[in-house]
Amino acid sequence: MTMSVPERKSGSEGKEEESEDESEILEESPCGRWQKRKEQVSQGNVPGVESASLAMDTEEGVEVVWNEVLFSDKKVFKAQEEKIKEMFENLMQVEHPNIVKFHKYWLDMKETQARVIFITEYMSSGSLKQFLKKTKKNHKTMNVKAWKRWCTQILSALSYLHSCDPPIIHGNLTCDTIFIQHNGLIKIGSVWHRLFVNVFPDASVHGKGRQHRDEQRNLHFFAPEYGAGEDDHAIDIFSFGICALEMAVLEIQANGDTAVSKEAIINAGQSLEDPLMREFTQSCLRQEAKLRPTAHDLLFHRVLFEVHSLKLLAAHCLINNQYLLPENCVEEKTKSFDPNAVMAEIKHEDRQGVQLKYSHVSPLELDKFLEDVKNGIYPLMNFASSRPHPVPRALSLSQEQVETVKTPTPEPQETETRKVVQMHCNLESNEEGTKTHLSLFLKMDDKLHRQLSCDILPTDTSKDLASELVHYAFINEEDSEKVAGFLEDAINRHRVRTLASGSTQ
């Protein structure tokens, strides 16, 4: 087989032409927001995905990945269309700071073939495998603090997936499907791999997706029981154990063979100097699945567990309740402080005490720390989830189960999928006091706003009013409780103020 290589122009002229060629817009989404480019990217192999191209999100001004699944048989596509829609709707509900974000999908029908196009977050800094190779090439060793931070982030994501109701099994966790950003943020990609295997049979999809199971170089990431029966969280824990081991030693030597042997894995584990790290990885790699710990258990292992600082707890509290605070509140508050004022003091009877002044805290460092916490670099690992994450049943179905599940009739009104990041409520009573006009302003995570309003009567109970407004606004389950609580509190406070002002007149 011969292959012709196009002649490249030398100098800046050739580079400029190449850059312009790669940035050429090939296609646009129906809404005009996503623009597909010519440049191909690799974001972890997914069965059935024919191509993955770089694209531009014109609203946010960031790069994303444009993925395509091609169906050469339109009849087969039509038979699976409802199942495909359900699957992608489910994927859009998976949200965690350490999981690659699934943005949008749509179907494209043509005379000869059908396509499913879906947009995912672009991990520009590359995979963990690439980072480890570069580190080894530069003759550097892995920093233990960085190793612990990475393990914590990966386990935080796995704990989220496994605590969903029903649990989501990743099934394809390798150093190629884990991505690292320049700020140290770790994200798991290819979460939809197992679901794609179930929903997209090889016969119906144009081309054949390269599955990691068939790649010799990644066979050692898969548990001994993989594919033998119904998968559970234990297969992800085994894969994580291999990832943790590779992160510690940078590379598990294959000794010239294509596949990594069991002996090489044992030797890599024994080479770890820290006995706690050895015990940690070995517990994940136990041959018997039921003896492996859960992701949540591993977060409490002695090698990772630490008592969270008050600073980290306060940062998480601030981020989680950001919707209650005005914008730029931290920046405005730090400006108002006297830098020489003492914010805390430690007194000692036998020696001089220690004073902590506001000038000791850099506003820039504080902003960066809050941003890192918000992005998921420092997850809280010492607390169980307050409640299971409800995910539709199709996310964890086997191939046989997928065939038997019937798609429910869609509701006439879609539930709000965007997250509420900020809230503001305004209440104004008429002069007679017979009714009050309520206006609720919601800032969503896509930076767009929603405004809801209604009239309320003095006889209406605040709790029922709040629940009813949230219900008719179709706010998602995760946000409904906090929005309803915020509304109930606002209505009660307004009524107390109204009564107080009336009694003084």
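All of these numbers come straight from a predicted model, not from anything done at the bench. Sequential numbering from 1 along the given sequence is applied to the chain's residues.
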Trainee: Would you call E288 and K290 a salt bridge, taking side-chain N to carboxylate O under 4.0 Å as the test?
Mentor: yes
Trainee: How far apart are the C-alpha atoms of E273 and R278, what are their side-chain angles, what is the distance that settles it, and do they pass the salt bridge (charged side-chain N to carboxylate O under 4.0 Å, His left out) test?
Mentor: CA-CA 8 Å; E273 295 179 4; R278 277 202 307 273; over 6 Å; no
Trainee: For W147 and F280, take the angle between the two ring planes, folded into 0 to 90°, and tell me which bin it lands in: parallel under 30, tilted 30 to 60, perpendicular over 60.
Mentor: perpendicular
Trainee: Salt bridge or not for D489 and R493, using N-O below 4.0 Å?
Mentor: yes
Trainee: Is the ring centre of F300 less than 6.0 Å from the ring centre of H296?
Mentor: yes
Trainee: After noting the C-alpha distance and the side-chain angles of T177 and N172, does the key distance pass the side chain to side chain donor-acceptor pair (under 3.5 Å) rule?
Mentor: CA-CA 7 Å; T177 58; N172 187 34; 4.9 Å; no
Trainee: Assess the residue pair N67 and V116 against the criterion (side chain to side chain contact (heavy atoms under 4.5 Å, CB included)); give the C-alpha distance rounded to whole Å, side-chain angles, the decisive distance to 0.1 Å, and a yes or no.
Mentor: CA-CA 8 Å; N67 305 271; V116 181; over 6 Å; no
Trainee: Quiz question: by atom type and distance under 3.5 Å, do the side chains of Q153 and Y378 form a donor-acceptor pair?
Mentor: no
Trainee: Yes or no on side chain to side chain donor-acceptor pair (under 3.5 Å) for S156 and H96, after CA distance, side-chain angles and deciding distance?
Mentor: CA-CA 9 Å; S156 178; H96 188 277; 3.3 Å; yes
Trainee: Heavy-atom distance under 4.5 Å between the side chains of V64 and T120, does that happen here?
Mentor: no
Trainee: Measuring from Q270:CD to T281:OG1, what's the distance to the nearest 0.5 Å?
Mentor: 10.5 Å
Trainee: Rounded at 0.5 Å granularity, tell me how far CG in L318 sits from CG in L366.
Mentor: 8.5 Å
Trainee: How many angstroms lie between CD in Q40 and OG in S53, if you round to the nearest 0.5 Å?
Mentor: 4.0 Å
Trainee: Walk me through it: do Y160 and E95 pass the test side chain to side chain donor-acceptor pair (under 3.5 Å)?
Mentor: CA-CA 9 Å; Y160 167 86; E95 187 162 351; over 6 Å; no
Trainee: Give the minimum heavy-atom separation between L370 and A315, together with the two atoms involved.
Mentor: CD2-CB, 3.8 Å
Trainee: So, for F118 and W34, is the gap between ring centers shorter than 6.0 Å?
Mentor: no
Trainee: Apply salt bridge (charged side-chain N to carboxylate O under 4.0 Å, His left out) to E89 and K104, showing your working.
Mentor: CA-CA 9 Å; E89 288 294 336; K104 193 74 176 173; over 6 Å; no
Trainee: To check you understand the geometry: which heavy-atom pair defines the closest contact between I188 and A157, and what is its length?
Mentor: CD1-CB, 3.6 Å
Trainee: Could you state the interatomic distance from CG (L158) to CG (L173), rounded to the nearest 0.5 Å?
Mentor: 5.5 Å
Trainee: To check you understand the geometry: which heavy-atom pair defines the closest contact between F486 and C425, and what is its length?
Mentor: CE2-CB, 3.7 Å
Trainee: Under a 4.0 Å threshold between the charged nitrogen and the carboxylate oxygen, would K129 count as salt-bridged to E246?
Mentor: yes
Trainee: Please find the pair of heavy atoms, one from M423 and one from K482, that lie closest to each other, and give the distance.
Mentor: CE-O, 4.0 Å
Trainee: Quick check on K133: does its NZ atom have over 12 non-hydrogen neighbours (other residues, nucleotides or ligands) under 6.0 Å away?
Mentor: no
Trainee: Can K311 be said to sit on top of F369's aromatic six-ring, NZ or CZ under 6.0 Å from centre and within 45° of the ring axis?
Mentor: yes
Trainee: Any carboxylate oxygen within less than 4.0 angstrom of a Lys/Arg side-chain nitrogen, looking at R286 and E279?
Mentor: no
Trainee: OH/Y122 to CD1/I119 distance, rounded to the nearest 0.5 angstrom?
Mentor: 14.0 Å
Trainee: Can you label the angle between the F88 ring and the F102 ring as parallel, tilted or perpendicular, going by 30° and 60°?
Mentor: tilted
Trainee: Could you check whether D236 and S239, counting side-chain N and O atoms only, form a donor-acceptor pair closer than 3.5 Å?
Mentor: no
